[in-house]
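Shown next, in structure tokens, is the structure this report addresses.
In what follows, every heavy atom counts, from backbone to side chain, and hydrogens, waters and symmetry copies are set aside.
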Amino acid sequence: MPLDTETNRDAVILLSGGLDSATVLAIANAQGFRCHALSIAYGQRHSAELQAAERVAERLGCASFRQVQMDMRLIGGSALTDDALDVPTQAGTQDIPITYVPARNTVFLSLAMGLAEVVQARDIFIGVNAVDYSGYPDCRPEFIAAFEQLTALATKVGVESGQPMRVHAPLIQMGKDEIIRRGLALGVDYAMTVSCYQATDSGAACGICDSCRLRKQGFETAGIADPTRYRASST
């Protein structure tokens, strides 16, 4: 039976366990979606963010939580998936830094698209950002728009209905301080999130990687106390 696109309120949320994806989940909840969280263990340097994702999903009342296991270390090419490459600890000048994981968001959205078909959702949420981000090509509005069109061709429900799924990127034009304010207004506890590229097993952040730098600046600009747990040696 074709899915009723007007009444269906299920959505798949890509949930990394970081600040942005937690905010996106809260936004989807506030919009009345029944949320199915999808977390990806893709071979990243630590598991702390995966544990954070499960905490966030439970705290924010997801209808379901799944973690998909895959290994992008077999491809490499990123400081997040290749131990031979160091995570930068200072802001770089290159357009696309070495922390970019080739094809990551394409793969993640493809998995979310598959899950959306299974749970009969027509909406996918992702926490990409084109303002306070590190220059990643798969965080741009053009990429999101192109993938949304792909869903009309790549899915059974898309072919049957002639309509694409809706890929929501509600943070894409927001600064980190705006994201933080929005999340706090929706009740997000950012102390339970992990954004650091090289967090410890317990989730303590390094304080010096690009992700930590953007997160710190966001709380500072927002004028809000940073609840992040940092390593004692971080600067």
Side-chain angles (χ1 to χ4, degrees), residues 5-40 49 52-53 55-66 104-116 119-152 158 163-190 192-195 211 214-215 217-219 221-222 224:
T5 60
E6 297 302 319
T7 61
N8 181 268
R9 297 298 289 170
D10 282 77
V12 172
I13 319 296
L14 282 166
L15 189 63
S16 70
L19 181 152
D20 291 341
S21 68
T23 306
V24 166
L25 173 56
I27 289 172
N29 272 337
Q31 292 178 1
F33 284 98
R34 183 173 182 265
C35 297
H36 302 270
L38 179 62
S39 180
I40 317 290
E49 69 176 17
R55 289 196 300 271
V56 170
E58 182 178 0
R59 187 80 62 87
L60 296 185
C62 286
S64 67
F65 173 81
R66 291 171 174 82
R104 179 175 60 179
N105 283 346
T106 304
V107 172
F108 284 11
L109 280 169
S110 297
L111 292 170
M113 178 176 65
L115 177 58
V119 300
Q120 293 195 311
R122 289 301 299 267
D123 294 86
I124 297 169
F125 283 77
I126 185 171
V128 295
N129 180 265
V131 180
D132 282 344
Y133 80 124
S134 300
Y136 301 158
D138 54 2
C139 289
R140 297 174 300 155
E142 300 93 325
F143 168 75
I144 297 300
F147 193 93
E148 184 173 82
Q149 290 305 307
L150 172 68
T151 67
Q163 297 294 322
M165 293 179 179
R166 293 172 288 262
V167 181
H168 304 260
L171 312 184
I172 203 159
Q173 298 293 354
M174 296 172 66
K176 192 69 74 178
D177 58 317
E178 296 176 89
I179 295 169
I180 290 168
R181 291 192 191 98
R182 182 70 179 277
L184 289 174
L186 293 172
V188 177
D189 177 7
Y190 288 118
M192 66 179 172
T193 66
V194 175
S195 301
S211 185
L214 291 171
R215 181 173 169 130
Q217 288 178 352
F219 280 107
T221 303
I224 294 167

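Here the closest heavy-atom approach between residue Met192 and residue Asp189 is recorded as CG-O, 3.0 Å. A pairwise comparison of heavy atoms in Arg122 and Gln163 identifies NH2-O, 2.9 Å as the closest pair. The two residues Phe147 and Ser110 make their nearest non-hydrogen contact at CZ-N, 3.5 Å. Minimum heavy-atom separation, Pro164 to Gln149: CG-NE2, 4.2 Å. Heavy atoms only, all atoms of each residue included: Gly183 and Tyr190 are closest at CA-OH, 3.1 Å. Summarising the geometry of Ile40 relative to Phe108, their closest heavy-atom pair is CG2-CE1, 3.4 Å, with the distance given to 0.1 Å.
Among residues two or more places apart in sequence or in another chain, the side chain to side chain contact (heavy atoms under 4.5 Å, CB included) test is passed with Ala63 by Arg34, His36. Under the side chain to side chain contact (heavy atoms under 4.5 Å, CB included) criterion, Gln173 pairs with Val131, Pro141, sequence neighbours left out.
Within the 4.5 Å cutoff, the side chain of Asp10 has no heavy atoms near those of the Gln120 side chain. Proximity of Met165 to Met113: side-chain heavy atoms (C-beta onward) are separated by under 4.5 Å at one or more points. No side-chain heavy atom of Leu186 sits under 4.5 Å from any side-chain heavy atom of Thr23. Inter-residue side-chain proximity for Val24 and Pro170 is flagged as met; some heavy-atom pair is nearer than 4.5 Å.
Atom CG in Asn129 sits 14.0 Å away from atom CZ in Arg140 (nearest 0.5 Å). The line from CE of Met174 to CZ of Arg182 is 6.0 Å long, rounded to the nearest 0.5 Å. Distance check, rounded to the nearest 0.5 Å: CD1 of Ile144 to SG of Cys139 gives 8.0 Å. The SG atom of Cys35 lies 10.0 Å from the CG atom of Leu15; values are rounded to the nearest 0.5 Å. Here the CG-CD1 distance, from Leu171 to Ile179, works out to 4.5 Å after rounding to the nearest 0.5 Å. Between the CD1 atom of Ile180 and the CZ atom of Phe219 there is a distance of 4.0 Å, given to the nearest 0.5 Å.
Between the side chain of Asp138 and the main chain of Phe143, no donor-acceptor pair closer than 3.5 Å is present. Proximity of a side-chain donor or acceptor of Asn29 to a complementary backbone N or O of Leu60 within less than 3.5 Å is detected. Judged by distance alone, with hydrogens and angles left aside, the side-chain atoms of Ser195 form no donor-acceptor pair with the main-chain N or O of Ser211 at under 3.5 Å. Judged purely by atom type and a 3.5 angstrom limit, Arg66 has no side-chain atom pairing as donor or acceptor with the backbone of Leu115.
Phe125 and His168 have parallel rings, their planes meeting at less than 30° on a 0 to 90° scale where 60° marks the start of perpendicular.
Just one residue in the list Asn105, Asp20, Leu14 forms a side-chain contact (heavy atoms from CB on, under 4.5 Å) with Val128, and that residue is Asn105.
Within a 6.0 Å radius of CZ in Arg55, other residues, nucleotides and ligands contribute more than 12 heavy atoms. Annotation: Gln31, atom CD; neighbour count of heavy atoms from other residues, nucleotides and ligands within 6.0 Å is above 12.
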